[in-house]
Amino acid sequence: MKALAKLYSQPGIWATECEIPEVGHNDLLIKIHKTAICGTDMHIYNWDDWSQKTIPVPMVIGHEYVGEVVALGQEVRGFAVGDRVSGEGHITCGHCRNCRAGRRHLCRNTTGVGVNRQGAFAEYLAIPAFNAFKIPDNICSDLAAIFDPFGNAVHTALSFDLVGEDVLITGAGPIGIMAAGVARHVGARNVVITDVNEYRLDLARKMGATCAVNAASTGLKDVMADLGMTEGFDVGLEMSGVPTALRGMLDNMNNGGKIAMLGIPPNDVAIDWNQVIFKGLTIKGIYGREMFETWYKMASLIQSGLDLMPIITHQFPIQEFQKGFNVMGSGQSGKIILNW
Ligand code: NAD
Ligand code: ZN
């Protein structure tokens with residue numbers, strides 16, 4: 001089968017041929033229709049320090065996809081050939097304490113599709129049926145292909161009650177932009193999002209942000225004054241991984257504010273802990289998606305009218321994958337879909 005793989009220990013990604021994966025007793029074999037490029041794929045493409053330590057070579061990468069079930073292991077129940085599915089890319093052990101408590105996203109033994117095991121940038125993908133999620137008929141395949149990062153946005157945004165609250169999102173990457181859409185959809189009052197990339201700030205406006213601010217030129221105090229906010233933000237969603245963005249968020253939270261942190265900062269970021277203590281802030285780290293509450297919420301958010309389509313800015317046939325990686329690397333894009 002055709003696949004995109006990290007074939008060499010250097011920057012880049014390569015088209016290759018490999019074996020169709022074996023289907024274990026509990027697995028589904030999925031014929032891939034659409035995939036999307038994730039920030040993680042860009043790290044692997046660029047062959048940064050993390051990738052060099054983490055990714056075995058050769059490795060078929062990719063974990064954002066939608067496809068069709070073409071074969072089932074003999075133990076699989078609840079799926080049929082022809083089902084349209086996406087899937088949770090974190091494969092969990094099922095026997096650690098968190099798994100057994102139903103907190104699968106906190107499994108200590110997680111492996112990642114397209115990171116530690118063969119990925120979805122291929123004609124076929126085999127995953128445990130447990131990890132597959134059936135896509136309702138009224139959700140289009142373009143959106144289904146981005147359920148993985150949409151799930152990061154939903155998991156983070158729904159960590160705290162947003163109804164009537166003033167929400168600050170730092171980082172208008174694809175995930176921050178989707179989180180802005182979710183926050184508005186569920187009833188936040190003001191949704192302020194920051195970035196330093198004007199293209200992405202524009203996308204965030206299209207997705208419903210009340211105010212999309214260039215952090216390089218505009219201070220949050222001025223934004224709050226314009227919006228008539230006198231006290232500070234109630235909820236913060238950190239989605240940039242940038243230390244100055246986190247510090248700015250801490251500065252502008254109201255007392256008792258709640259912060260959900262998805263962005264992955266560099267090691268050893270210093271913050272002013274007095275902000276956390278004397279403001280009585282709650283900070284929650286977010287990893288992955290809740291299995292499978294986040295997935296049901298994603299489907300329901302779309303079915304209840306959340307329009308996510310603006311986040312998909314580019315589509316390429318798989319033969320033009322290099323163009324996709326180039327556009328993604330330029331920062332002038334939302335989500336990019338590769339059609340198989
Ligand atoms: P991204 O890199 O596309 O988005 C980050 C954005 O932050 C960029 O648009 C960048 O321009 C912006 N930024 C840079 N400096 C800034 C500043 N000073 N203030 C505000 N914004 C600034 O990433 P993404 O794919 O949207 O993911 C968001 C973050 O979440 C990343 O850090 C990613 O590594 C992380 N992530 C975490 C998980 C998890 O499970 N915890 C899962 C996926 C992604
Ligand atoms: Zn586990």
Side-chain angles (χ1 to χ4, degrees), residues 36-44 46 48 50-51 63-64 88-112 114-115 128 130-131 146 148-157 159 168-180 192-204 207 209 212-220 223 236-249 251-252 260-266 269 284-291 294 311 313 327-336:
I37 303 175
C38 172
T40 302
D41 302 322
M42 291 309 297
H43 288 291
I44 300 172
N46 293 327
D48 64 4
W50 169 83
S51 316
H63 56 273
E64 300 182 359
E88 171 55 57
H90 289 177
I91 311 285
T92 55
C93 74
H95 55 73
C96 72
R97 178 173 178 176
N98 281 314
C99 277
R100 288 172 62 108
R103 299 183 294 261
R104 292 262 182 168
H105 62 295
L106 299 176
C107 172
R108 301 176 63 86
N109 308 308
T110 303
T111 58
V115 176
F130 177 85
N131 281 62
I146 61 167
D148 173 296
F150 179 37
N152 294 131
V154 169
H155 183 187
T156 315
S159 283
L168 172 62
I169 303 173
T170 45
I175 299 177
I177 295 171
M178 289 189 276
V192 175
I193 186 165
T194 64
D195 203 290
V196 291
N197 174 329
E198 286 294 340
Y199 179 99
R200 290 181 156 183
L201 289 168
D202 266 344
L203 268 181
M207 200 72 114
V213 187
N214 194 322
S217 54
T218 310
L220 284 171
V223 173
L237 311 177
E238 205 309 294
M239 300 194 146
S240 71
V242 175
T244 50
L246 172 60
R247 292 187 197 113
M249 176 176 278
D251 278 342
N252 290 288
M261 280 187 68
L262 180 90
I264 302 172
V269 173
K284 181 184 179 196
I286 306 288
Y287 183 53
R289 299 143 294 275
E290 288 187 354
M291 291 166 231
T294 304
I311 196 62
T313 54
V327 176
M328 190 76 181
S330 75
Q332 306 294 296
S333 76
K335 291 304 296 183
I336 298 173

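Along the sequence shown, the residues carry numbers beginning at 1. In listed order, ligands and their atoms are each counted from 1.
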What's the shortest distance from atom 41 (N) of ligand 1 to any protein heavy atom, and which residue and atom give it?
-> Ile286 O, 2.8 Å
The answer for which part of Thr194 has a heavy atom under 4.0 Å from ligand 1 is both
Using a strict 4.0 Å cut-off to heavy atoms of Gly263, name the atoms of ligand 1 that fall inside it.
-> 29 (C), 30 (O), 32 (O), 35 (C)
At what distance is the nearest protein heavy atom to atom 43 (C) of ligand 1, and which residue and atom is it?
-> Asn152 OD1, 3.5 Å
What are the atoms of ligand 1, with element, lying closer than 4.0 Å to any heavy atom of Gly173?
-> 3 (O), 4 (O), 6 (C), 9 (O), 26 (O)
For Ala245, the ligand 1 atoms with a heavy-atom partner under 4.0 Å come out as 19 (N)
Here the vertex angle at the Zn ion (ligand 2) for SG of Cys96 and SG of Cys107, given to 10°, is 120°
Quick one: does atom 2 (O) of ligand 1 have a protein heavy atom under 4.0 Å from it?
-> no
Decide whether an N or O pair under 3.5 Å exists between Arg200 and ligand 1.
-> yes
Using modelled atom types only, decide if a donor and an acceptor are shared between the side chain of Asn197 and the backbone of Gly331 within a distance under 3.5 Å.
-> yes
The Zn ion (ligand 2) to nearest N/O/S of His95 less than 2.8 Å | no
Could you tell me the residue and atom name of the protein heavy atom closest to atom 44 (C) of ligand 1, and the distance to it rounded to 0.1 Å?
-> Ile175 CD1, 3.6 Å
Give the atoms of ligand 1, by number and element, whose distance to some non-hydrogen atom of Pro174 is under 4.0 Å.
-> 3 (O), 26 (O)
Please write down residue, atom name and distance for the protein heavy atom closest to atom 14 (C) of ligand 1.
-> Val242 CG2, 3.7 Å
re atom 36 (N) of ligand 1, the protein heavy-atom contact at minimum distance is Leu262 O, 3.8 Å
For ligand 1, is there an N or O atom under 3.5 Å from any N or O atom of Gly176?
-> no
Of all protein heavy atoms, the one nearest atom 5 (C) of ligand 1 is Met239 O, 3.8 Å
Per-atom contacts, ligand 1 versus Thr244 - under 4.0 Å to a heavy atom = 18 (N)
What residue and heavy atom of the protein are closest to atom 40 (O) of ligand 1, and at what distance?
-> Gly288 N, 2.8 Å
Using protein heavy atoms only, decide if any is under 4.0 Å from atom 23 (O) of ligand 1.
-> no
Could you tell me whether Asp195 approaches ligand 1 through its side chain, its backbone, both or neither, with non-hydrogen atoms closer than 4.0 Å?
-> both
Where on Ile264 is there a heavy atom closer than 4.0 Å to ligand 1, on the side chain, on the backbone, on both, or on neither?
-> both
